[in-house]
Each structure stands twice: as structure tokens, then as C-alpha cells.
J.: 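Sharing a structure here in C-alpha cells format.
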Number of protein chains: 2
Amino acid sequence: MQLSKTSQYAIRILAYMADKKDSQLINAAELAETLYIPYKFLTKIMTELVKVDLVTSIRGREGGYKLKKEISDIMINDILDLFNDSIKDEQCVLGIGFCNGLCKCALHDQWMKPKFLLQKMFRESSLEDIAGRGCKK
Amino acid sequence: MQLSKTSQYAIRILAYMADKKDSQLINAAELAETLYIPYKFLTKIMTELVKVDLVTSIRGREGGYKLKKEISDIMINDILDLFNDSIKDEQCVLGIGFCNGLCKCALHDQWMKPKFLLQKMFRESSLEDIAGRGCKK
DNA sequence: TTATAATTCTACCTGTAAGTAGTATTTGGA
DNA sequence: TCCAAATACTACTTACAGGTAGAATTATAA
Ligand code: SF4
Ligand code: SF4
């Protein structure tokens, strides 16, 4: 009942970058050290974030990364989607599937509300919302 | 953002057993076929359920399993706990940890409510509550 | 021009959840 | 008694997320 490490790392990375001034480049070593994420794993994630155009990379000496979009335009849910970690409407709390209407267990209706809240939280929270709160570690 | 297969299977197994008459023995083959759970994996789970006294097993020919407790006394959360799958109070949605009070991100407060609802759902739903709803597959 | 610091690529290793195989043990019925 | 049907035990295999290694590429500063 948790997000994947990859998603967690990606959110923390992007939230940290959102804290920085727009034009400032941040390199992989700084991110890895500050956020306690294994360097090699982090670079793998960064490359992915570059590929989907969330982040711009500058290669070579004095290079680094910076966010490509406005921080108010990057939603947590977008990040989760990258790693297939967002909550789908039809997702069953028991992982069984879509027991539509006629056949539903007692958990079904109870699951609706927390599911909705989680979806809402992920969809409506942008990097702007979670930046600047000092929760880095 | 899902329960482990093992937890899911355990819940389905116990919910199915809860549907049956008290005294009726159910064997592993029936459970595996009915619930579409790999036989060998199922027996492994059953042995675990026997060890923690949720289920009684009768070995030998004409043997099988039956629930050991009243179905109103077995909470979903008890099952999740067996496989370390229940939601802890301090569990962070980002898997970071307990950024207590002073240092909290914007997700923190939003996570509180769905977390609480999930915990409540798991803690207050018994097998009795989810039995007899015909959601077997 | 060259050394260096950075990202990127390809490939591999590791740990854990999920699943499988085979054998031992137990027990009732023919 | 002996076979068959059931659970229990031990050990292995598979799949995948998480993590690592090293070389290739890129670009700047000196
Ligand atoms: S009825 Fe229960 S098992 Fe079926 S999809 Fe809904 S929550 Fe899952
Ligand atoms: S403040 Fe944010 S990162 Fe820290 S424990 Fe709460 S939800 Fe997790």
C-alpha cells in the first residue's frame, strides 16, 4: 500500500528542484546527496524525466538539470503516470478487478471515498503546492 | 499503491470460507479452483493462516480447512498485519518518513484523511461484513 | 587543445515477492 | 492392511523492482 520507490524519488527530486530559482542548474550529484537517493539510480530517473520533457538537461561540464515547465503546471499525478503508479478509477482495493455493480463486496463502497481523495490529491497538487515546505530528507 | 498479492489472496480465501457453513470443511483444491489462486501458492498461504490460528486444518483423507474464529471476530486489518501490509499511523504517502509537524509537505495533511479512512475500513470491516456478497472471482 | 566534469547509454547485479516442484506426513475408507 | 486423499515441509525457480558499473558522449574552463 505504497507508491513505488521510483515514484517517490521522482516526486522528491522534482519538489526539490521546484524550490530552486528558475534559471539555476542542479546536477545529479547534488540531488543524490541532498535527497539520499543512490546516484546511479537517480541518473536513471533523471534521464526518464528528460525524455518526457519535464526536465531540461545540459550536458557537459557545468551542466545539470532544470525544470522545463512552470511548477504550477506539473501535477503529482503526471509524475505518477510516468511510472504507472497513479490510481485508476477501476482499481479495486483487493486487486480483483471491476466487479461491476451487481457483484460487489462490502469493501467496494468504502474504498470509493479514500480512492477519490487520493486521486484528487494527486491530480490537484502541483509542484508549486508541495515546494518550499522544507521536507527534503 | 496496492496490497500485496498474498494479502489479497488471503482476504479472498477467508471471505470465501466465511460464506460456507461453519462446520463445513473446505479443501485446498476447491479454494484454488474457485478463487483462481495457484494451488501451491494457496497451500503456502493456508499453512500460514493455520499457524496464526485463524484457520483450523484437518490433515489426511477427507481433511480440509475451516475457520477457527467467529467471522465477526476476524478483521481485515488482522489479515493485513500477517503480511505486514496494514497502514501504519506514521506511514508517509511519499515513503519518506515521519516529518513531524515542523517540517511537512503539502501532501501531509491531505494524506491524513484517506489514510484514516483506509485504516478505519480495514480495522472495522470483519469477514462477516464482506461475506455473502458474491464477489468471488 | 586538453583535461575535466557533467549527462547518457548499455549492461549487469541483487533482493524480494510470487509461483512451482517434489517429498513427507497424516488419516480415513475400502 | 494398504491405498488414496489430504495438509505440511523444504527447496527451488521466475519475474521484476531497485540498484550498480563502466564506458561513451558532450561541453566548458583553463
Ligand atoms: S466489489 Fe470488492 S472485490 Fe469487486 S471490484 Fe469492488 S472492491 Fe474489488
Ligand atoms: S510531510 Fe510530506 S514527506 Fe514528510 S511525512 Fe508528511 S507526507 Fe511524508
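A note on names: the letters A, B, ... follow the listed sequences, proteins ahead of strands, and every chain is numbered from 1. Computed from heavy atoms alone, side chains included, the values below leave out hydrogens, waters and symmetry copies.
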J.: Rounded at 0.5 Å granularity, tell me how far CG in B/L49 sits from NZ in B/K68.
T.: 12.5 Å
J.: Ignoring hydrogens and angles, are the base of D/dG22 and the side chain of A/K40 linked by a donor-acceptor pair under 3.5 Å?
T.: yes
J.: What is the nucleic acid contact for B/T43, judged by heavy atoms within less than 4.0 Å: base, sugar-phosphate only, or nothing?
T.: nothing
J.: May I ask you to evaluate whether B/T47 reaches the phosphate of D/dT7, defined as a side-chain N or O under 4.0 Å from OP1 or OP2?
T.: no
J.: Starting from C1' on C/dG28, measure out to CG on B/L25 and report it in whole angstrom.
T.: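 Taking CG of B/L25 and C1' of C/dG28, I get 13 Å after rounding.
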J.: What's the closest nucleotide to the A/E62 side chain, out of C/dG28, D/dA29, D/dG19?
T.: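 Side chain of A/E62 sits closest to D/dA29.
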J.: Is it the case that C/dT25 (base atoms only) and B/R59 (side chain only) share a donor and an acceptor within less than 3.5 Å, ignoring hydrogens and angles?
T.: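 Under the 3.5 Å cut-off, the side chain and the base do form a donor-acceptor pair.
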J.: Can you tell me how far NZ of A/K51 sits from OG of A/S57, rounded to the nearest 0.5 angstrom?
T.: 11.0 Å
J.: If you compare every side-chain N and O of A/T6 against the phosphate oxygens of D/dG18 (OP1, OP2), does one of them come in below 4.0 Å?
T.: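 True: A/T6 side-chain N/O within range (under 4.0 Å) of D/dG18 OP1/OP2.
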J.: Counting side-chain heavy atoms from CB outward, which of C/dG19, D/dA4, D/dT7 is closest to B/F41?
T.: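 Of C/dG19, D/dA4, D/dT7, C/dG19 is nearest to the side chain of B/F41.
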J.: Please compare A/L42 and A/G60 by the position of their nearest nucleotide in DNA chain D and report the one closer to 5'.
T.: A/L42
J.: Between C1' on D/dT26 and CE on A/M46, what's the gap in Å once rounded to a whole number?
T.: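 In whole Å, D/dT26 C1' and A/M46 CE are 17 Å from each other.
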J.: Can you tell me the distance, in whole Å, between the CG atom of B/L80 and the C1' atom of C/dA17?
T.: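 In whole Å, C/dA17 C1' lies 16 Å from B/L80 CG.
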J.: Starting from P on C/dA18, measure out to CD on B/E48 and report it in whole angstrom.
T.: 13 Å
J.: Starting at CD1 of A/I45, measure out to CG of A/L82 and round the result to the nearest 0.5 Å.
T.: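 If I round to the nearest 0.5 Å, the distance is 11.0 Å.
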J.: Between B/N27 (CG) and C/dT26 (C1'), how many Å, whole number?
T.: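 Spelled out: CG on B/N27 to C1' on C/dT26 is 15 Å.
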J.: Could you state the atom-to-atom distance from CD1 of B/I37 to P of C/dG19 in whole Å?
T.: 10 Å
J.: Assess the side chains of A/N77 and A/E124: does a donor N or O sit below 3.5 Å from an acceptor N or O?
T.: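 A/N77 vs A/E124: no donor-acceptor pair found between side chains.
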J.: Would you mind classifying the nucleic acid contact of A/A29 as base, sugar-phosphate or nothing, using non-hydrogen atoms under 4.0 angstrom?
T.: nothing
J.: With sugar-phosphate meaning primed atoms plus P, OP1 and OP2, does B/Y9 contact a base, only sugar-phosphate, or nothing at under 4.0 Å between heavy atoms?
T.: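 Sugar-phosphate, backbone atoms only, no base.
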J.: For A/S4 and for A/I58, find the nucleotide of DNA chain D with the closest heavy atom, then tell me which residue's nucleotide is more 5'.
T.: A/S4
J.: Is a side-chain N or O of B/W111 found less than 3.5 angstrom from the main chain of B/Q91, in a donor-acceptor match?
T.: yes
J.: Where the side chain of A/R61 is defined as all heavy atoms beyond and including C-beta, which of C/dT4, D/dA8, C/dT20 is the nearest nucleotide?
T.: C/dT4
J.: Closest to the A/K5 side chain: D/dA27, C/dG19, D/dG18?
T.: D/dG18
J.: Please state whether the base of C/dG19 and the side chain of B/K44 form at least one donor-acceptor pair under 3.5 Å?
T.: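 Under the 3.5 Å cut-off, the side chain and the base do form a donor-acceptor pair.
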J.: Give the rounded distance in Å between these two atoms: CG of B/N84 and P of C/dT16.
T.: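 So the CG-P distance, B/N84 to C/dT16, works out to 13 Å.
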J.: Verify the contact: side-chain N or O of B/S57 to OP1 or OP2 of D/dA6, cut-off strictly under 4.0 Å; return yes or no.
T.: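 No, no such contact exists.
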J.: Rounded to the nearest Å, what distance is computed from the CD1 atom of residue B/I45 to the C1' atom of nucleotide C/dA18?
T.: 9 Å
J.: When you check the side-chain N and O atoms of A/E30 and A/Y65, is any donor under 3.5 Å from an acceptor?
T.: no
J.: Look at all strands and tell whether A/Y39 reaches a base, only sugar-phosphate, or nothing, counting heavy atoms closer than 4.0 Å.
T.: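 Since a base atom lies under 4.0 Å of A/Y39, the category is base.
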